[in-house]
Student: 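Once you've had a glance at the structure underneath, I'll fire off some questions.
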Amino acid sequence: MLYKLEKVSKIYKNFDTENHALNKIDLEINEGEIVVILGPSGSGKSTMLNILSGIDNPTKGKVYFNNERIDKLKEKELTNYRKDNLGFIFQSYNLVPNLTIKENIELGRELSKNPLDLKEIVKEVGLISHMNKYPYGLSGGQMQRVAIARALVKNPKVLFCDEPTGALDEKTGKNVLKLLQDINKKYNTTMIIVTHNPSIANMANTVIKMNSGEIKEIIKNKTIMDAEDLRWA
Amino acid sequence: MKLLFLNALKGLKKKKVQMLGIIFMVMLSTAVYTGMNSAIDRLEDKYYTYLDEQNVEDISAGINIDYTKDITSSDLDDMLKTSLKDITEEERKIIEVYRNFLKNPSFDVNIIYSTKAIFDKYDALDIIERKKLDSIKEKYDFYYEKEYSKIVQDKNKLLKVLPYNKDKKINKVYLLEGKLPERANEVTILEGYAKKNNLKIGDKYTIADKQYKIVGFTYAPDYVYPIISMSMPIFDEKNNNIVYMYKEDYDKITGINDNSYAIKYNFKTNRKFEITVSTEEDKKDDKKEITDPILKIFNEKETVMMDMNTVVRIMRIGALQLEFASDRLFAEYFLYLLLAISVVIIIVITKKRIEDERLQIGVLKSLGYNRFSIATSYLVYPILGSLIGGVLGYVIGILVHSPIAGILRSYYSVPLSNYSISFEYLKTSIFVPMIVLSLLSYLIAIIMLRKKPLSLLKEGSNLKVNVFSKLVNKITRLLPFNSRFKYSLAFRSLGKLFIVTITSFCTGLLITLILIGMNLFNNMIDKSFEGMDFKYIAYFNGIYEYEEKDEYSDYILNVIVPIDKIESKDSKTKKVDEDTNLSINGIDLDSKYTKVLNKDKKNIIDKLEDDNKAILSENAKETLNLEVGDKIKLKYQDLEFEYEIVDFNEEYMGITAYVSRSSLAKKINIKENSYSTIYSNNDKYSNMEELDEEEAKAITYLLSVEDLKDNIKTQMDRFNGSVYIVILFASVMALIIIAVIANIVVEENKKTISLMKVLGYDNKRISKIVLNIYTPFIIVAYLLSIPVMIKILKLIVEALVGDIGITIPIEADPLISFIGLLGLLIAYYIAINISKRVLNKIPLAIALKRE
């Protein structure tokens, strides 16, 4: 078991009102799984991602990573937790515009004590001929591949993907998901994908359906679909 | 448009550091502008009316007496009945020799100098001087009065003593407080001196062991800048005093006579002194008539002459005008300098805002807003900055003007006018920055807003990398990742890099200027006093002969001789301007207290063994382009002689030479035991009272080297202190500018910073990569500024002082330059640390925001 959440709540206070972004969540995530967190806007899925990745702390409850509590860690310790264990892929890619593709990936590699080979990763994501180019001028799919490479080169235990295909068309999106799937198979990296696209759920081992800050349903898929075969809703 | 402006106003909250930077710059510049100008107003307003009310002289002149024709036998008879009635038998004989000489006059140095010495001793030339002035007073429409004063050395105090005369018409005494000395033993003094020496009206005051009573505080109106003697050329409020006393007391007190004639024209004169630099043409044409109405009198060369007294008196009265002009100029240039820096900052901020808001702007343009109305909203920075900064600066300026006026007044004796509010400065403080800053930022905004709406709206339109960045990337390929990242960030925005580099360069120029200046004067002082193992210099009013040498003194024979020709070693003639004089100091080779030092600090006096050898000053070398082996040919009346240059001594003022005293005496046909100056360690020269009457009357100037050193060192301490203030000020300025830039850098890279935090970079590492990007540029810019400033200074010095016979060595001490760099780097790191706090607060969630 990689992650365990016990009665985790996140409450945002705004003057007199309280917003329960997460409400007494209990959850377990196993190592090597592809987990999709599904839900509409405001369902609490992004908050869940933030809590799991240590970007935010819960108001109540406990969060365990590898049997160690992370909800009470100080900022420096959380930074180290992210540095040593996690990778991130964002909807808006977040590439540094004045660094080349290679350097953007190096940004991730610099942090790791045990990084993967950069050239191999670049080959893996199919961008070997673009290494010395700048982000400006790349397509959305290519930029997302760079982001994946940056996250992957760290050799993380967990890859957090926040709407990785949100800004991409269907074909490009499926290519990116295929890549993620291949990485999961090859490196046994746990993938936690947050999305509002229900089609993506079919490629997951576990699907967590959220609404109004609560887990409505947890589905364990018996058959895992290849990303190429997904049909966009 | 109102909404756009409102939107811009609301956005200010997030730009606090940048806004504060602009406000501070405007505030500082307007504070200095208002403060300096208000302080000067209070002096200047009163200064010109003061000169009129006290009927201050227009000019002072020395009287040119030709001993071969200006004095008649009849004049001698009159003098013998009046001023010369108490002369000795010996002196009477000399007068009779002179009377015979008048029957068949020729230039005989001995007779003339001996007679002059007697006339000066008894102040006997009064009749002749007045006769000469009377002969031209109608032509030039003036009246005159003789100014009597004595320089009195009383231990470490140097006093100018003047007799109070209630009937005086020119240079009337100004009473500040109390009353004037109308009885014996009553004196008035300077108020500043009283404060520094804890004296007040009614107290006893001792001068040369005699007690007087202080009855009032006065100013001598022809001593606006009170230069009392060349022994203390820089006014020292604690040790310099101007004393008015009752005439009978004045006659009894022993001191060096410092008399002159004050001239006042009957027509209105313009009190403003103008500095003109003589051109090569002017120098060639010595027959050119003087047309200035105040100086026209000097066309009468056989009657009057501009002597040292004339110059010193002009300086005393007119120095304050220079102060006004230079201080006002400084205030104005400072204002515009800081505004220029503010303009650059505003340009960077405006550019950044436009880049950040490009989507918004694209939408506005699509809706139909034109770029002119959008640009107007960016005026919120300059308008607010000028308004707040200008008003604050004006108020601060008013508050500090009084202490500034106080500081000026400690150097100048002139009453202050009352303060009156000048709204002129308020208008300048607000509107000049507002117009300058608004105009330029508006222009920049219009240029930057010229893009089409679609290209502004296009995603990724802000991601383009400039060519320079790509080039830098290629160059830095082999460096480690962190360094490459730093340089890519630095070169991404050339504007910011330019500002930081220029700021460092200008700060470096300013710091180097000040440090060289400090070093320069300290060096000059040290070098000037090297080789002086004596305590006193006594200048005599003529050439005297000693019977027996005083073992504590060196005897110097000083003669000023026009240079006729200079011949190089290979007999080629070197160019020398007409009227170039050589001040020759005849010195004994066995001098105990005087050394003639060369650049290696070696005493080269032995090189004067030969009667025809001379050691020239470094200044002479530079000015006349001299070399060892050159021959200087001199013409002194109908005497001709020459010297060969054997070396140069480290003296930077004047065209001077050292030769053997006995050889000089021979060359000008006077006795070998002749002298005109004494360099001495005999303490009798510390107090005029201890000299015998004859010697005291023969001395024109008595300089205490120790007092001069102390005087200059005291002022240098003040100057050195203010140097550190300037370094601090320059560093603070650099700090503000760099803090604003660093703040912009953090803002610009918010998303990257947030991303790096999410990825796992800690704050320390992030700030190292993102903020510490300018260190090498700052160091390089500063180091480049040093040789540039040295070159500029050398050009300025050459232009300014080359004409007046001074050479100033310009050197930069590496240690001191390093201190300057340290100051700049400290400012930089403080600025970085200020921005670090902003960086540390950037939330991780920004990286997760969807665009």
Student: With a 4.5 angstrom heavy-atom cut-off, could you sort out which part of R109(A) is near chain B: side chain, backbone, both or neither?
Tutor: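 Contact with chain B is absent: no heavy atom of R109(A) under 4.5 Å.
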Student: Are Y828(B) and Y782(B) close enough that their ring centers fall under 6.0 Å?
Tutor: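 No: the rings miss the under 6.0 Å criterion.
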Student: Within the side chain of S43(A), is there an N or O that forms a donor-acceptor pair under 3.5 Å with the backbone of N211(A)?
Tutor: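 Flag not set: sc S43(A) to bb N211(A) has no pair under 3.5 Å.
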Student: What part of N749(B) gets closer than 4.5 Å to chain A, counting heavy atoms only: side chain, backbone, both or neither?
Tutor: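 Contact with chain A involves no heavy atom of N749(B) at all.
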Student: Do you know which of N132(A), L111(A), T79(A) has the most heavy-atom pairs with chain B at a distance under 4.5 angstrom?
Tutor: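 So the answer, after comparing N132(A), L111(A), T79(A), is L111(A).
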Student: Using non-hydrogen atoms only, which part of F491(B) is less than 4.5 Å away from chain A: side chain, backbone, both, or neither?
Tutor: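 Neither part.
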Student: Under a 3.5 Å distance rule, please check whether Y761(B) uses its side chain to pair with a backbone N or O of L107(A) as donor and acceptor.
Tutor: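 It does hold such a pair.
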Student: Among the options D762(B), T752(B), N473(B), pick out the one with the most heavy-atom pairs lying under 4.5 Å from chain A.
Tutor: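 Option with the greatest count: N473(B).
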Student: So for S488(B), is it side chain, backbone, both, or neither that comes closer than 4.5 Å to the heavy atoms of chain A?
Tutor: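 For S488(B), backbone and side chain are both near chain A.
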Student: Quick check on K154(A) against chain B: is it the side chain, the backbone, both or neither that has a heavy atom closer than 4.5 Å?
Tutor: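 Looking at K154(A), just its side chain touches chain B.
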Student: Side chains of Q91(A) and D162(A): do they bring a donor and an acceptor to under 3.5 Å?
Tutor: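 Q91(A) vs D162(A): no donor-acceptor pair found between side chains.
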Student: Quick one: do N175(A) and R145(A) satisfy side-chain contact (heavy atoms from CB on, under 4.5 Å)? Show the steps, please.
Tutor: CA-CA 9 Å; N175(A) 286 338; R145(A) 284 168 183 274; 3.5 Å; yes
Student: Give the minimum heavy-atom separation between V63(A) and P58(A), together with the two atoms involved.
Tutor: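 Between these two residues, the closest heavy atoms are CG2-CG, 4.1 Å.
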Student: Using non-hydrogen atoms only, which part of I769(B) is less than 4.5 Å away from chain A: side chain, backbone, both, or neither?
Tutor: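 It is neither, since no heavy atom gets under 4.5 Å.
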Student: Chain B: which of E75(A), E110(A), K76(A) shares the most heavy-atom pairs with it under 4.5 Å?
Tutor: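 Option with the greatest count: E110(A).
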Student: Determine the minimum heavy-atom distance between L168(A) and G140(A), stating which atoms define it.
Tutor: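 Result for this residue pair: CD2-C, 3.4 Å.
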